[in-house]
Each structure stands twice: as structure tokens, then as C-alpha cells.
J.: 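Supplied in C-alpha cells, the structure appears directly below.
Numbered from 1 within each chain, the chains take letters A, B, ... in sequence-line order.
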Amino acid sequence: MKYEPLVIEEKWQKKWEDEKAFKVTEDPQKKKYYLLEMFPYPSGKIHIGHVRNYTIGDVVARYKHMKGFNVLHPMGWDSFGLPAENAAIEHKIHPAKWTNENINHMKKQLKRMGFSYDWDREISTCEPKYYRWEQLFFIWMYEKGLAYKKRSTVNFCSKCDTVLANEQVESGLCWRCSTEVQEKVLDQWFFKITAYIEELLEYCDKLPGWPERVMTMQKNWIGKSYGCEVDFPMADSNGAIKVFTTRQDTLFGATFMLVAAEHPLVMQLTKGKAIEKDVLQFVEKVKKQDKLMRTSEYYEKEGLFLDAYCKNPLTGQGMPIFAANFVLADYGTGCVMAVPTHDQRDFEFAKKFNLPLIVVIQPKGKTLDAEKMAEAYVDEGILVNSGQFDGMENTKVLEAIADFLETQGKGKRTIQYRLRDWGISRQRYWGAPIPMINCDKCGIVPVDEKDLPVVLPENVKLSTEGGSPLAALKEFVDTTCPKCGGKAARETDTMDTFVESSWYFDRYCSPDCDTKPGLDRKKLDYWMPVDQYIGGIEHAILHLLYSRFYTKVLRDFGVIGVDEPFTNLLTQGMVCKETMKCKEHGYLFPEQAADGKCHICGKDVIIGKTEKMSKSLKNVIDPDYLIKTYGADTARIFCLFAAPPEKDLEWSDQGVEGSFRFLSRLWRICDEYLEDIKAVNPLPSGVGLEGELKGLRRKTHQTIRKVTIDIEDRFHFNTAISAVMELVNAVYQIKRPASDDKIALATIREALEAAVILLVPIVPHITEELWQMLGHKTLAADISWPQFDPAVASEEEMTIVVQINGKLRSRMTVAVDEDPEKIKADALADEKIISLLSGANVLKVIYVPKKLVNIVAQHK
RNA sequence: GCCUGGGUGGCGGAAUUGGUAGACGCAAGGGACUUAAAAUCCCUCGGUCCUUGAGGCUGUGCGGGUUCAAUUCCCGCCCCAGGCACCA
């Protein structure tokens, strides 16, 4: 019988589905394990990145299931978002219809991969029964001051006609459509993530199951810094300019003041002055400059003198005030004291405008001359020109100067964060409506809880014109005020889709709960937190930080009992493939470049760089094609075998072929032995084996040990698969025993069954079929993970390497329990060693147990 | 520029705590089977040198260091990838 994946795979998928093999409910008797993969946006088709992500998760879920855990492994859809709206505009299809058709198709594809989801828990975030609770949480957040509205400068994409969060701008362009981002002032809803900033930071050190790298990124994103707020009094009026600095040690060297061009102070200072017009022009110009460009290293540093002075609070020296393009208005106070001698930007600026330089930090053993400096001195040193602080080390004087400023009333210690509140307003249609009402009389009023959900209306006009489609819909906007009963208007902004993905993992625990607050505390207490979360590294900051914040908010509402949502996090690498290009026809899909020729013109195809698979580069592999040609099991095992999960995976067609070959090889050896081993009994426990059979049995138990460790401790599926490959190779090496040699056949059966069981989480279909062929009646998916016998797995002999001065010179085989002194003596008595040591003094003999003997010798 | 990863054969990767570098797979070469091909099974496979051996030398981005012993630890440098915020 041949291995025909297409026949067996769908058969078993149906069986799992009919038997609801992966349905779970709370069971206090069993230990729970919540395994979650990041849910997909229903874009239309699954891609290889999904296949990889979900295969990794499925292996862990199935493994834990076999280990006896009560495994929650859900799947759903992050189904609000801009692409649906764009599709609606382009193809005149309603976002809901487009989304649901995509969901149906992708669900079929996921089922065809054989993933062990409990589909009864499927959720789709665009359904009112999901987002109604999000609206309820919004109202609660509003009542607690955690959701608030503020007028703010925002990034605006004219194409999407929508606001982008600062972090959603990629190199000055809209992260979705790459249109250049403009600035615009709007009233926006914000979540006060900064209210939890200290806790979010503190827990960065309390999540040992997260990759160090991700925690570092989040810490940097939060960006806590300690410094001082210093008052620089105006030279010829009352008042002062407040500045935040972490470098108060350089305060005596501050010779001029920089203010962000868009800072209100700029126009205040120049009001009525001759230069007012020029300044206004400069400010307008800077506003148009791209934010990212403006602050980049190489961008021209521009500034304009504002015809105003302040005073250095410590020296009393006058400091000219400039508006500058490279100072950010929304970090710190928007004003920066410039120390040209010890900050490169300030140095360049000072040179350009011929401003004074005062050295205040001297490197040890050297004297800096301000006149001759070619660049700022930014390293550590000793203070000079700094009054009573002269002679102190700059790193140690920070506290002293802070104290001095505080006692003098010239400044105070402050902590500054980089993280800003989360802007969640979107002027889009396909999102969860914000449940607020604007009343002329009462102002902003939340919708009554009993009136939730505020359902997204279906009859909207979507066009390229943009604007908020909801705002144009009179029957949606017109409402009555819940407070006074008068005429009022609904909020027409919808929520950022990151809000839905900030609590979907909670909803999976009670997906059908329809009583307030939509989350069943008892069920949540059983399942939460997520034991293992798996997804792409691209979500290292935003999604993960927002989810952490939202969890803490829900905790404080008493909805949930955990501080953090995800105990362990695995960030997988990207899937990459070489790009192919035709000189004339640009990027080509793999099937358009078969045989290395362009399918249109027949010219030679140019093989380009290997890059992340993407539609625009056309270097994509269609999972459907893979499944049709090789089956889901091959697709799964290849994704796992090609690289460890956290690394990028480079696609290789030949590698896929090799994975298929291995599965066929496993199938064939089982098939060949089937008749002979079908009826043999398992090996009796005390039976003594000799020779190659003994070796095979040892290999079997060693393989169980290795695969268990590789999956459990490291998620290194590639080495686990290698180990099973070795076991299968070992069975091929065994001389075929006679049909009545029950002991030999039982040994072979044990080896083959071990190979099959160990592969169940990885390639569930073929193993299910083989398991049945071997005469078992229960589902392979439900059997217990095998145990290994340490006595059987242990080696009797070991190879000891003999080195002279660290160089490999000989090997010897000794019993594992051999006396160390005897091993050393044997090494020195080795024929080769004797000849190599002739005429040398042996200084030392080092024995590393079970590994090697190193003889340290010196020639006379 | 800063932060975070990384650099091992023709290729993907392995070596878990400083102890035999290159497991496993791909590609390549050879053999068996076959009328032939495919498939399958078996063998070889870092480089180099010679005296062809159970051989010598060399080899984990480069240069140093620590150590009996370094892919692994330390210092300096080069290159690649991802992230970013000139953060005062």
C-alpha cells in the first residue's frame, strides 16, 4: 500500500470533527493548559506565515494533550479592519459579506491543515455579541477616567482618510497604504495607558517566560528616564522656560535655548515683533517636514532666532532662544537647554549660528579647548567651569546638582516617560462604534448600559471620498440624550482594532457568555492566564503592550483575576524566499518562472535577494498548492524541520520534497513489517537482548528521551524530527528477522510504534493511519505520551577521546562505569599516545568524565 | 546614530553547562535493482598537503586574550538582519 496523504488526511479530519476530539470544558480534576496563537485577520487566504505559526502551536497543543493536560486551543478572527473597507470601495461588496466569505474560506483551509482547535469556541470580533462587551468596558473606562477625549495633533493619512497612531506610522508613511502622513488637529478618544505605566514597566522583570528581547523592546518603548525639570528665567520679563534634562551635570555649559517649532511659546515670544512673519513662515515649513526625517541624524538642523533671551539659572548668563526643527514638542516640555560642548546636535547648531561654547566636562588627563573642538565631547570626565561642583566626576555629580536645584528652588527631580496614551479613535466604518453621545446641553454622555450594543449599521455608503461613513448616516447619528432626553448626536468614531485583540483571549474562555460583563469569571479563573502564546515578532510592542494594559484594566474592574495575560511567549521568525524577476516584466510568482524562464517573454529569470514572503515581491508559496501536492503533514513537518521556530525560515522546494520522502519512508517501513508485527506482543520487561536488537531498543528509548526534551523544554522541533529520522534509519539498518522471531519483531514493533507516537503532534494524519494499521482502536491523538526506560536508554560503553595539549590524538572505548584512574592509565598506555609522547614530559593528565582525557605534555 | 539579535560546509541547520565541530536533511558524486527511466535501497561527501594513513596541517566573520581545552567566556573590529526616538 502506498502513502497517499490526500486520501487519509481528510478521512481523519472528519473523524476528529465528528468525535469532537478537541472540544474542552473546565475540569477541576485536570491541570489546564491554555495554548494560544495570534488570531488572523481574515484577509482571504492563509499564507505560509500562518501555516508556520499555527503548526508550531498545534504541535505544542497536541503534545500537552497527550501529556494529560486539559488543553484549551481556540481559534477566531480579528475581523474588523481597513482592508474590508478598501475591498468594499474597490469591489462594491459590503465589508461584512467580504469578511464572512474570507472567514469561511480560511476556516476550510485551517481545517484542511488538521489543527486541533476547539471550533465551538470560534469568535469573530466584528459580531455585535463580541464588541458589545468592549463597548461596556469603554463606558466603564470613561467613568474611571481611563478613556478620555482630547484635542490633539495627530498623524493623518489622506488616502485612508483616517488618523494613525504615532507608532502606526512607518518612516513617515501610512503603515497600511504608504501614503505620506500629514498633521491634523482633531478631537480624539484616548485610553490612559500611562495610568498603568509603572506596573507595565515593573512586570517587564516579572515575566521570565518572555523573550528577553521583547521585554527590552517594551522597556525602551515605555522609556523611563530620571532627570530634572529646570526653570530658565526670562531675561527681560517674568516667567521662565521649563526644560527637562537628564544631564544636569552639563547645566553650567548651557549657552542657548531651543524650542520645538510647533510649541505655542514660539509664537508667544515673537508676537508683535518684526520677525513675527518670518517665524510663522518657519513654523509652517517645519510642520510640513516629515517627523521622522526631521529628527534623523543627517537631516539639516534648522533654527531661527526668536529675538528673545532667557538666563542660565546657575550662571546668570543670557541665553538666546531659538525655534528648532529637531526638537520634539511632545517629549518633555518641548524645550531643550543646549550644551554645545557636550552634545553633538547642539554643537552643530552652535557652529552654524556662531554661538558661545563653554567646556564643563574635561576628560581625565586632558584639557579641552572650546575654540579648537571639532565635535562635542560626549564621554565621561571631570567638571570644570561649574562653580562649587568643579573637580567632581560628572557621573557622580548628577544627584548633587539635583539637590542644589531643589534647595535653590530653581528646579526639581522628575521622571519622564516616552510612552504616550493610546489613541483609539478611527474615522472609519468597519470597527466597533464608540458608545458615546454628544448632547448640546449635557456634553459627552455614555450610552445607557441597557442600550448596548451600539450596533454598526449596515446601510452605509462607502466611497473613495473618505470621511467617516457613520457621520454621513443621519439615522445613526440622530439620537436622544440619555440624560436629558433632548436631541443629541452619536459619536461616529470607531475603535482601533487593537482594542478587540486586547481581550479576545479572555472571550475564548466563555465565548457564548451573554450576561454582563460577557466574561464568565469562574471560567476565566480556570483558564487564564494563557500558558503559551505564539506569534510573530512584529507584535513585540503594540499588541502585546496593549493586551497587558487592557488585562490590568479588566482586573481592576473585577472582571478577571490575573495581572498579566501571557505567561510564556514564543516569537517566531518570518518566512522568507528568494525573489525572482524578469527584466521586462518585473517580479514573478514562482509558477510564472518555471524552468528559470519568464512565462510571458521566455527571457532568463534573475534570482534576487531572499526576503520576507510578501504579495508585492511575489515570492509567495500557496499553502493550497502544497497541500494538494504533498498533503498537510508534509507542509507541517517541513515548516518545523527547516529551522527552529524563533529563527527566520528560508523556503526551499527541495526541502519540502525531502520532508515528503521521510514520511513515505516511515510509511514504507511500517507497511513492510506490518504482516509480521501485527500480532506480536510487546516485549516482556525483563527480556535480555543482544547485538543490534539491543542497540535498536536503546535507540528507541533514547529517541523518546530526546524528543520529549526538545519539545517540552526548547520547542526545537527540528532536532526532535532529526532524532526520529535517526530512529527510522536505524530500523532500516536492521537485518530482517524471520517471521517467527517474536523477540526481534517485538523490538522492531516497539521502535516503529515509538516513531509513530513521537510524530503524532507533528504529523497527526499519517500517524493516526499508521496507528490504526498497527491494530489500535483508539485515536492516536488521545494516547499518552510515551515514557522512556532510563536503564534501557543508558549506554554500556562510551568513547573516550584522548588529547595531547588539547588536540585530538586517539580514541578508546571503555565501559561506562570504568574507574577514572584506569581510564587515565589506559590513555597513557595507548600505542599511538606512547609514540607521540616519546621524549616529552607529561605535566598533567585531565579526565573529563565520560568525555575525554587531555594529556598536557612538554617536549624536552 | 542608538537598541536588539545574528555570522558554523555548496545550502538549511546540529553541537542543551568551556570538553570529539559539522547530527539530521537538501544538493552533489558513486554503487545495487531495472531492457531503460522514475521510484527505492546502500555508500562517499569542510578545505588542503603528502609518503593515501585508523595520516599531517588547517577550519565556526576578522584580530587579540583567558584556559590543559573556546563555535561557547572576555576585549577590540568588520559584516548582515530586525526595531527605533537626535528623548535632551
Side-chain angles (χ1 to χ4, degrees), chain A residues 2 166-167 170-171 211-217 219-221 223 225 227 243-248 250 254 258 291-292 294-299 301 324 326-328 330-339 342-346 348 416-418 537-538 540-541 573-574 576 611-612 638 641-644 646-659 661-662 664-665 668 706 709-710 713-714 716 718-726 729 732-733 799-811 831-832 843-857:
Chain A
K2 237 185 109 191
N166 226 347
E167 53 270 29
E170 289 173 350
S171 43
E212 193 64 44
R213 186 152 98 100
V214 175
M215 293 294 39
T216 309
M217 284 163 99
K219 276 188 205 167
N220 290 344
W221 190 262
S225 56
V243 156
F244 173 73
T245 181
T246 56
R247 291 296 306 273
Q248 59 268 26
T250 63
L258 296 168
K291 225 180 208 165
L292 215 104
R294 240 170 84 184
T295 51
S296 93
E297 182 78 4
Y298 309 102
Y299 204 75
K301 283 157 190 54
F326 61 96
V327 176
L328 298 174
D330 40 15
Y331 182 81
T333 61
C335 304
V336 181
M337 66 173 199
V339 184
H342 305 292
D343 182 292
Q344 188 57 28
R345 302 158 295 183
D346 298 345
E348 286 170 33
Q416 191 67 39
Y417 299 93
R418 177 195 174 277
I537 185 76
E538 67 270 24
I541 296 174
M574 299 177 298
C576 306
E611 293 188 69
K612 181 183 167 169
F638 175 72
F641 183 62
E646 66 277 8
K647 268 188 110 167
D648 285 350
L649 185 157
E650 201 178 314
W651 192 260
S652 141
D653 288 326
Q654 282 153 345
V656 176
E657 197 80 45
S659 296
R661 207 175 302 158
F662 166 65
S664 306
R665 215 167 131 78
R668 203 174 307 114
K706 169 134 183 80
I709 291 169
D710 283 349
D713 301 349
R714 311 199 300 163
H716 276 211
N718 54 334
T719 52
I721 293 165
S722 294
V724 181
M725 283 175 170
E726 283 185 52
N729 289 346
Y732 269 93
Q733 296 297 324
T799 302
I800 296 293
V801 165
V802 187
Q803 298 179 336
I804 296 174
N805 294 332
K807 285 200 176 182
L808 181 81
R809 291 302 180 209
S810 184
R811 280 170 228 267
E831 232 174 273
K832 265 179 87 183
L843 303 174
K844 208 169 166 189
V845 179
I846 295 155
Y847 174 57
V848 180
K850 296 180 182 185
K851 299 268 176 180
L852 57 79
V853 175
N854 189 14
I855 299 160
V856 185

J.: Between the base of B:rU40 and the side chain of A:Arg665, is there any donor-acceptor pair under 3.5 Å?
T.: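 A donor-acceptor contact between them is absent.
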
J.: Taking O4'-C1'-N9-C4 for purines and O4'-C1'-N1-C2 for pyrimidines, is B:rG82 syn (within 90° of 0) or anti?
T.: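 Anti for B:rG82; the angle lies over 90° from 0.
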
J.: Roughly how many Å apart are B:rC80 and B:rU8, using the C1' atom of each and rounding to a whole number?
T.: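 So the two C1' atoms sit 15 Å from each other.
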
J.: Could you state the atom-to-atom distance from CZ of A:Arg418 to C1' of B:rC3 in whole Å?
T.: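 Taking CZ of A:Arg418 and C1' of B:rC3, I get 12 Å after rounding.
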
J.: Just the table, please: protein N/O against nucleotides 13-17 of chain B N/O, every pair under 3.5 Å.
T.:
from   : atom 1 : to       : atom 2 : distance (Å)
B:rG13 : O3'    : A:Asn718 : ND2    : 3.4
B:rA14 : OP1    : A:Asn718 : ND2    : 3.2
B:rA15 : OP1    : A:Arg714 : NH1    : 3.0
B:rA15 : OP1    : A:Arg714 : NH2    : 3.0

J.: Please write out the pairs of protein N or O atoms and N or O atoms of nucleotides 63-70 of chain B separated by less than 3.5 Å, giving the distance to one decimal.
T.:
from   : atom 1 : to       : atom 2 : distance (Å)
B:rC68 : O2'    : A:Asn854 : ND2    : 3.3
B:rC68 : O2     : A:Asn854 : ND2    : 2.6

J.: How would RNA chain B look in dot-bracket form, 5' to 3', counting Watson-Crick and G-U wobble pairs with both distances under 3.5 Å and writing | for bases paired to another strand?
T.: (((((((..(((......[....))).(((((.......))))).(((((..).))))..(((((..]....))))))))))))....

J.: Rounded to whole Å, how long is the line connecting atom CD of A:Glu348 with atom P of B:rG1?
T.: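 Computing the A:Glu348:CD to B:rG1:P distance gives 13 Å.
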
J.: To the nearest Å, how far apart are A:Tyr417 OH and B:rA88 P?
T.: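 Nearest whole value for this atom pair: 14 Å.
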
J.: Calculate the interatomic distance between A:Arg811 atom CZ and B:rG19 atom P; express it in whole Å.
T.: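 Nearest whole value for this atom pair: 17 Å.
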
J.: In whole angstroms, how far is the C1' atom of B:rG55 from the NZ atom of A:Lys832?
T.: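 About 8 Å, once rounded to whole Å.
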
J.: Pick base, sugar-phosphate or nothing for A:Arg668, based on heavy-atom distances below 4.0 Å to the nucleic acid.
T.: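 Answer is sugar-phosphate: A:Arg668 comes under 4.0 Å of backbone atoms only.
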
